[in-house]
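Have a look at the structure below before the remarks.
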2 protein chains.
Amino acid sequence: MARTQGSHSDITGPRIRAAALKLFARHGFAAVSMRQIAAEVGLQAGALYNYTPDKQSLLYELMRGHMDDLLAARQAEAANATDPMTRLENFTRFHIRFHIERPDEVFIAYMELRNLTPENFAEIEGLRHAYEDELETILRDGVAAGVFAVPDPRIATYAVIAMLTGVNTWYRPRGRLSLDEVETLYWDMVRKAVSA
Amino acid sequence: MARTQGSHSDITGPRIRAAALKLFARHGFAAVSMRQIAAEVGLQAGALYNYTPDKQSLLYELMRGHMDDLLAARQAEAANATDPMTRLENFTRFHIRFHIERPDEVFIAYMELRNLTPENFAEIEGLRHAYEDELETILRDGVAAGVFAVPDPRIATYAVIAMLTGVNTWYRPRGRLSLDEVETLYWDMVRKAVSA
DNA sequence: GTTTGATTTGAACGATTGTTCAGTTAATCT
DNA sequence: AGATTAACTGAACAATCGTTCAAATCAAAC
């Protein structure tokens with residue numbers, strides 16, 4: 001049965017998640033009904049329960065998948081550089097690019113945390129913490145190497161991430177600036193903000 | 001009748017708005033019912049309609065009041081300084097302090113924009129734009145005076161505001177750092193990020 | 001071509017939603 | 001004291017919510 005295990009050519013599960021993602025991002029988790037999600041994929045509401053145990057799990061899986069993608073993509077890109085300045089530039093450009101490519105996921109991941117059960121919330125927050133720790137380590141290494149001057153690396157981590165994620169609130173793909181220009185502008189500010 | 005005009009000693013209206021503020025911030029606009037708000041003030045749901053025409057207006061009034069407070073408080077404090085560096089420090093410290101004192105209002109103002117009608121949304125966005133323009137003007141003046149080096153003052157405005165507002169996501173009143181220490185840490189980063 | 005099993009429908013469930021309103025209570029004014 | 005008015009209750013409204021499930025439909029295997 002499809003309730004617990006997907007069948008051979010399961011394309012419906014992903015389509016349901018994509019519809020939920022789009023609708024949650026536009027209207028908010030609480031404001032979207034299972035019937036709206038079903039209509040978006042051309043099904044009746046009851047059919048959704050072949051693919052998800054309930055509405056809450058749908059939200060959790062979206063967030064969990066997003067955080068897993070984030071950490072996996074970061075790990076795939078973070079390997080080579082050694083000096084803190086280059087690593088910080090890599091992180092800055094990676095963060096902007098990754099988040100700009102997934103505006104709906106990012107929006108949900110920041111705004112719907114309160115709709116998670118406590119256990120699910122703790123899990124998502126743990127993943128976010130792991131991501132933040134990557135940046136904090138870069139900053140600490142830079143301080144130790146004398147290239148950065150940040151009195152409180154944890155606070156600087158929060159500050160940099162908030163600044164970078166803020167790109168999502170105003171950037172539009174066909175806007176005045178290319179993504180590469182945006183990356184460079186932000187990298188200039190980040191570099192100056194933390195440099196010794 | 002109280003439906004259109006408040007009576008002499010109206011304390012109920014503010015109490016309703018305070019309850020709505022608290023509940024909207026905790027659970028989100030769509031997830032809070034009029035009955036929950038009424039229960040918080042010790043009333044039945046129907047009585048709320050003596051103070052607000054509908055639920056949507058309750059949200060709009062909270063946001064509108066918050067933005068009005070922000071612009072009024074800013075105007076009261078922004079008058080004196082002349083050199084861009086001092087004005088930027090004033091803005092930075094003001095922004096952090098004002099937002100930290102109103103975590104619920106700030107949370108709602110950023111997260112529930114999509115629950116406003118298009119007209120109400122446009123109005124709130126206009127007020128936010130006016131506030132952002134204050135910072136942008138400071139940055140442009142600083143560039144003209146040669147003390148700041150920001151290639152794109154509009155983008156730098158977005159970056160600084162996102163960074164400063166991010167304090168609300170982690171700051172706790174009885175945490176490791178005092179508000180003044182936080183202000184100083186952020187001011188250091190802002191100053192370095194935009195300085196020539 | 002029949003059987004099998006996955007998939008979907010369509011209706012039903014109890015609960016809850018925002019909002020209205022006739023009727024009751026409480027306070028103020030003459 | 002009697003009249004007026006504001007404030008509130010409690011019930012009702014149609015609509016919608018998440019979820020369940022027997023029955024219908026579909027696709028593939030034999």
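Each chain gets a letter, A, B and so on, in the order its sequence line appears, and its residues count up from 1.
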I need the [atom1]-[atom2] distance between [X] and [N], as an integer number of Å.
{"X": "B:His27", "N": "C:dT16", "atom1": "NE2", "atom2": "C1'", "answer": "16 Å"}
{"X": "A:Gln36", "N": "D:dC17", "atom1": "CD", "atom2": "P", "answer": "6 Å"}
{"X": "A:Tyr49", "N": "D:dT20", "atom1": "OH", "atom2": "P", "answer": "7 Å"}
{"X": "A:Ile16", "N": "C:dT7", "atom1": "CD1", "atom2": "C1'", "answer": "11 Å"}
{"X": "A:Met34", "N": "D:dG18", "atom1": "CE", "atom2": "P", "answer": "7 Å"}

Discussion item. Taking any heavy-atom pair under 4.0 Å as a contact, classify A:Val32: base, sugar-phosphate, or nothing.
Written reply: sugar-phosphate

Practice prompt. Ignoring backbone atoms, test whether B:Ser33 places a side-chain nitrogen or oxygen under 4.0 Å from the OP1 or OP2 oxygen of C:dT16.
Written response: no

Fill in: Partner of A:Phe91 by ring pair (Phe, Tyr, Trp, His ring centres under 6.0 Å), out of A:Tyr131, A:Tyr186, A:Trp187
A:Tyr131

Discussion item. Listing request: all ring pair (Phe, Tyr, Trp, His ring centres under 6.0 Å) pairs with a residue in residues 102-129 of chain A, at least two apart in sequence or in separate chains.
Written reply: none

Worksheet item: What residues form a side chain to side chain contact (heavy atoms under 4.5 Å, CB included) with A:Ala196, not counting sequence neighbours?
Response: A:Ala149

Atom pairs and distances, side-chain donor-acceptor, residues 38-45 of chain B, under 3.5 Å, sequence neighbours left out:
residue	atom	partner	partner atom	Å
B:Glu40	OE2	B:Lys22	NZ	2.7

Practice prompt. Would you list the pairs meeting salt bridge (Lys or Arg N to Asp or Glu O under 4.0 Å) in which at least one residue belongs to residues 105-116 of chain A, sequence neighbours left out?
Written response: A:Glu112-B:Arg114, A:Arg114-B:Glu112

Worksheet item: Would you call A:Phe29 and A:Leu58 a side-chain contact if the rule is heavy atoms closer than 4.5 Å?
Response: no

Fill in: Sub-4.5 Å side-chain heavy-atom contact between B:Glu132 and B:Tyr158
yes

Discussion item. Let me test you: for the helix from C:dG1-D:dC30 to C:dT30-D:dA1, what is the angle between the axes at its two ends (five pairs each), rounded to 10 degrees?
Written reply: 10°

Practice prompt. State whether A:Asp69 and A:Arg64 are salt-bridged, where the test is any N-O pair (Lys NZ or Arg NE/NH1/NH2 against Asp/Glu carboxylate O) under 4.0 Å.
Written response: no

Please list, pair by pair, any protein nitrogen or oxygen found under 3.5 Å from a nitrogen or oxygen in nucleotides 8-11 of chain C.
residue	atom	partner	partner atom	Å
C:dT8	OP2	A:Tyr51	OH	2.8
C:dT9	OP2	A:Gln44	N	2.7

